[in-house]
Amino acid sequence: MIRMQAVGLRYPGREGPEVLRDLDAFVPAGGFRWLLGPSGAGKTSLLRLLYLAVRPSRGRLDLLGTEIGAADRAALALLRRRIGVVFQDFRLLDHLTAFDNVALPLRIAGRPEGQIRADVTEMLRWVGLHSRRNVHPPALSGGEQQRVAIARAVINRPSLLLADEPTGNLDDAQAERLMQLLKELNRLGTTVVVATHNAALVARHPAPALELEAGQLVAGGRAADDGRRADRGQRVDG
Amino acid sequence: MAEPRRRWLRPRGADDLGLRRALADRALPLLVASMTFLAALSAAGFVAASAIARHWQEGAAASLTVLVPRPGEPAVEPGRTRRDAALAVLGGSPALAEFRALADSELADLLRPWLGADAERMSLPLPAVIAVRLAHGAGERGADLDALAARLDAAAPGALLERQDVWARRLAVLARSLQACAGVVLLLVGAVAAALVAVATRAGLAARREAIEIVHLLGATDAYIAAGFARRVTWLAGLGGTAGAIAALPILLALGLLALPFLRRDIGAAADPAALAGAVPPLLWLVLPALAAAAAAIGWLTAQATVRAWLRGLP
Ligand SMILES: Nc1ncnc2c1ncn2[C@@H]1O[C@H](COP(=O)(O)OP(=O)(O)OP(=O)(O)O)[C@@H](O)[C@H]1O
Ligand SMILES: [Mg+2]
């Protein structure tokens with residue numbers, strides 16, 4: 001569940017208008033949203049708000065039933081563990097192997113090592129990287145790194161999955177496989193938001209979209225949701 | 001046996017934050033070793049100064065010497081010598097634990113360096129020398145000693161009470177001041193060590209900023225990240241502390257041997273060195289491991305505080 005009420009974001013030390021302005025939106029638990037908009041519109045900034053890398057400078061944000069402005073540091077850390085993120089630039093740890101990168105969220109959550117071993121092995125098989133499990137990210141191709149990033153994002157069965165251009169380095173077949181994974185997680189109840197420029201992918205998997213332009217929501221916000229799409233299309237079609 | 005255990009425990013030496021390279025294993029242990037070495041020297045100074053101060057206060061301050069010139073001549077009171085009169089006065093004084101007139105041969109021993117082996121045969125007019133030990137605590141009572149000196153002078157005019165308590169007390173004050181200085185140095189060394197650890201930790205934070213931000217975004221608590229740093233820093237500081245303490249050991253032994261004759265007159269300077277080693281203040285044997293442990297503790301505390309303060313800059 002995501003709820004934004006008059007949310008604004010300004011990066012500290014940056015003059016001029018806010019990067020994000022007057023965002024009002026609601027994404028129910030188990031919903032699927034594309035996040036669309038031209039480069040520089042603020043898609044990554046909005047996702048940063050949602051994965052708690054920045055706090056809103058204005059307005060009220062609720063995630064998974066928690067009001068962010070009122071939560072303390074420990075609560076935010078626990079909340080982050082329920083949010084999986086595929087970063088636009090992957091943000092893998094170069095000193096860890098692919099295996100240890102994928103295992104990291106589980107280790108942070110304090111899972112027993114035996115369970116970690118089984119889960120990570122299965123996940124790496126699924127993204128086709130089992131044979132590359134002991135390779136460090138700098139020695140992986142862009143697509144392989146992206147798949148490690150995806151595996152790390154979903155390994156902890158997050159309640160909210162945020163993906164920033166997750167298909168940018170993937171070929172069409174791999175992008176399709178990723179969409180199948182995201183839809184499967186969505187079907188199991190995970191709320192999913194995917195920022196993308198890939199119009200073909202969006203066309204193949206029609207779903208409601210949040211559309212940003214110059215830091216403002218031009219479609220898919222609460223006003224759009226309330227009337228026309230009350231029940232229909234909360235989840236991705238097709 | 002090893003296999004199932006490995007499956008359930010965190011991999012040994014897991015280093016999520018990549019601190020093994022960011023907090024290098026040379027500079028910090030070396031600096032902490034130097035600090036611990038300095039701390040060991042000041043701790044030795046502290047222990048030695050306190051032992052010497054105690055010794056002088058209890059020992060030298062409690063002893064005095066009575067000189068009776070022309071000891072064989074009759075005293076004011078008829079029927080005995082001036083030596084016996086002085087001894088009688090001392091015998092009637094409750095503040096004295098013990099007193100003893102030195103025999104003529106002992107006196108000759110004392111004078112031999114100045115007069116040569118024939119001192120006795122020169123029939124010099126030597127005074128009687130009476131060594132006196134004050135009862136415990138009596139060294140503090142200067143007024144009693146003044147009264148005693150007056151009574152001695154009355155019984156045997158010209159008899160001198162040579163007091164050592166004044167200079168002994170001055171030396172004790174000096175020793176106490178040295179002790180205070182050593183204590184201040186110890187505190188300063190601890191503070192400098194903490195500052196060093198803080199600087200090294202900050203450098204590590206700056207070097208691993210990206211990794212810390214990622215781990216933070218994956219839901220790591222401040223405690224998890226701080227513990228990662230503290231584990232590494234504690235190990236490095238403990239290593240340095242142990243090395244510094246071991247390096248200080250031979251120097252402390254040597255200093256202990258040098259100080260020994262001042263503290264234990266019963267052990268001659270030429271005694272068996274192995275026996276002397278056992279006479280190094282036992283406190284010092286505790287101090288060295290305690291300093292190594294203190295280095296590790298300072299490392300842990302400083303790393304925790306530094307990392308937690310830095311993490312407050314993240315949302
Ligand atoms: N850390 C930052 N500090 C200051 N300004 C930033 C920061 N990150 C982004 N911006 C600015 O915010 C605006 C929106 O950037 P953002 O990265 O959110 O766009 P985007 O929609 O994700 O673009 P793209 O599709 O190219 O990834 C841009 O003008 C950018 O310069
Ligand atoms: Mg972006």
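Naming convention: chains lettered A, B, ... in sequence-line order (proteins, then strands); numbering from 1 in each chain.
- A donor-acceptor pair under 3.5 Å is formed between the side chain of A:Arg73 and the backbone N or O of B:Leu314.
- The part of A:Arg152 that comes within reach of chain B is its side chain, from C-beta onward, which places non-hydrogen atoms under 4.5 angstrom from that chain.
- In terms of heavy-atom pairs under 4.5 angstrom with chain A, the leader among B:Glu213, B:Glu210, B:Arg312, B:His216 is B:His216.
- Put simply, the side chain of A:Arg81 gets close to the backbone of B:Gly219: a donor and an acceptor are under 3.5 Å apart.
- Residue A:Leu52 touches chain B through its backbone alone, counting heavy-atom pairs closer than 4.5 Å.
- Between atom CD1 of residue A:Ile108 and atom CG of residue B:Leu218 there is a gap of 4.5 Å, rounded to the nearest 0.5 Å.
- Once rounded to the nearest 0.5 Å, the distance linking CZ of A:Phe90 with CD1 of B:Ile214 reads 12.5 Å.
- Smallest separation of non-hydrogen atoms from B:Thr221 and A:Ala77: CG2-CB, 3.9 Å.
- Between B:Asp16 and A:Arg107 there is no salt bridge, since no side-chain N of the basic residue sits under 4.0 Å from a carboxylate O of the acidic one.
- Closest approach of A:Ala53 and B:Pro315 over heavy atoms only: O-CG, 2.9 Å.
- Contact annotation: the side chain of B:Leu217 never approaches that of A:Val85 to less than 4.5 Å [non-hydrogen atoms, C-beta and beyond].
- Using a 4.5 Å cut-off between heavy atoms, A:Leu92 contacts chain B through its backbone alone, with no side-chain atom that close.
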